[in-house]
Amino acid sequence: MRRLVTPTFLAIAGAIAAAIGAAILFAPHSFFAANHIMLGTDPNLMSEIRAPGGLLLVAGLFVIAGAFISRLTRVSLMVAAIGFGAYGASRLVSVALDGVPSSALLSAMVVELVLALLA
């Protein structure tokens with residue numbers, strides 16, 4: 001059972017991270033507009049927005065690789081735990097410092113924390 005659960009988890013978690021990363025990197029205006037966040041066209045802002053998208057994309061692809069390459073499985077689980085945990089924990093800090101965001105962003109926080117715990 002374990003032989004199937006871990007690779008399946010890594011494939012799903014990696015696909016989530018990679019898809020979000022790709023959306024932030026290649027279509028940030030559309031991605032953020034879904035949560036009523038309007039981005040400008042300032043190159044400095046766009047650089048700061050796209051950079052974490054690239055990191056998420058590459059991290060997600062690495063996590064997916066851990067589903068298929070057994071020597072990467074343990075490290076992929078750590079990458080998933082650290083990545084999703086950092087995002088979820090950072091959203092908790094934001095709630096404390098900035099107030100409660102939209103329900104979609106709260107849901108994202110819950111999913112991130114659950115995926116981190118599962119990893």
Colleague: Starting from Val93, walk the hydrophobic network (Ile, Leu, Val, Met, Phe, Trp, Tyr; side-chain heavy atoms closer than 4.5 Å) and list everyone else you reach, by chain and number.
Modeller: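 Cluster partners of Val93: Leu97.
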Colleague: In the hydrophobic clustering (ILVMFWY, side-chain contacts below 4.5 Å, transitive), which residues join Leu92, or is it alone?
Modeller: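 Joined to Leu92, directly or through intermediates: Val95, Val100, Leu106, Met109, Leu113.
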Colleague: Should Ile37 and Phe31 count as side-chain neighbours, where that means a heavy-atom distance under 4.5 Å?
Modeller: no
Colleague: Side chains of Ile64 and Leu10: does their closest heavy-atom pair fall under 4.5 Å?
Modeller: no
Colleague: Ignoring hydrogens and geometry, is there a side-chain-to-backbone donor-acceptor pair from Ser94 to Ser90 under 3.5 Å?
Modeller: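 No; judged by distance alone, with no hydrogens or angles, the pair does not exist.
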Colleague: Under a single-linkage definition using a 4.5 Å side-chain heavy-atom cutoff for Ile, Leu, Val, Met, Phe, Trp and Tyr, are Ile16 and Ile24 assigned to the same hydrophobic cluster?
Modeller: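 Both belong to a single hydrophobic cluster.
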Colleague: Apart from Leu117 itself, what residues make up its hydrophobic cluster when side-chain heavy atoms of I, L, V, M, F, W and Y under 4.5 Å apart count as a link, directly or indirectly?
Modeller: none
Colleague: With the side chain counted from C-beta on, respond yes when Phe62 and Ser76 share a heavy-atom pair under 4.5 Å apart, and no when they do not.
Modeller: yes
Colleague: How about Arg50 and Pro28: do any of their side-chain heavy atoms sit closer than 4.5 Å?
Modeller: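 Yes - at least one pair of side-chain heavy atoms lies under 4.5 Å apart.
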Colleague: Counting C-beta onward and ignoring hydrogens, is there a side-chain heavy-atom pair between Met78 and Val75 closer than 4.5 Å?
Modeller: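 A side-chain contact under 4.5 Å exists here.
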Colleague: Short question: side chain of His29, backbone of Gly40 - any donor-acceptor pair under 3.5 Å?
Modeller: yes
Colleague: What I'd like to find out is whether the side chain of Phe84 reaches to under 4.5 Å of the side chain of Val114, using heavy atoms alone.
Modeller: no
Colleague: According to a hydrophobic-cluster definition based on side-chain heavy atoms being under 4.5 Å apart (Ile, Leu, Val, Met, Phe, Trp, Tyr only), do Leu118 and Leu77 belong together?
Modeller: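 Same cluster.
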Colleague: For Ala104 and Asn35, which heavy atoms make the closest approach, and how far apart are they?
Modeller: CB-OD1, 3.3 Å
Colleague: Under a 4.5 Å side-chain heavy-atom rule over Ile, Leu, Val, Met, Phe, Trp and Tyr, are Val110 and Leu105 clustered together?
Modeller: no
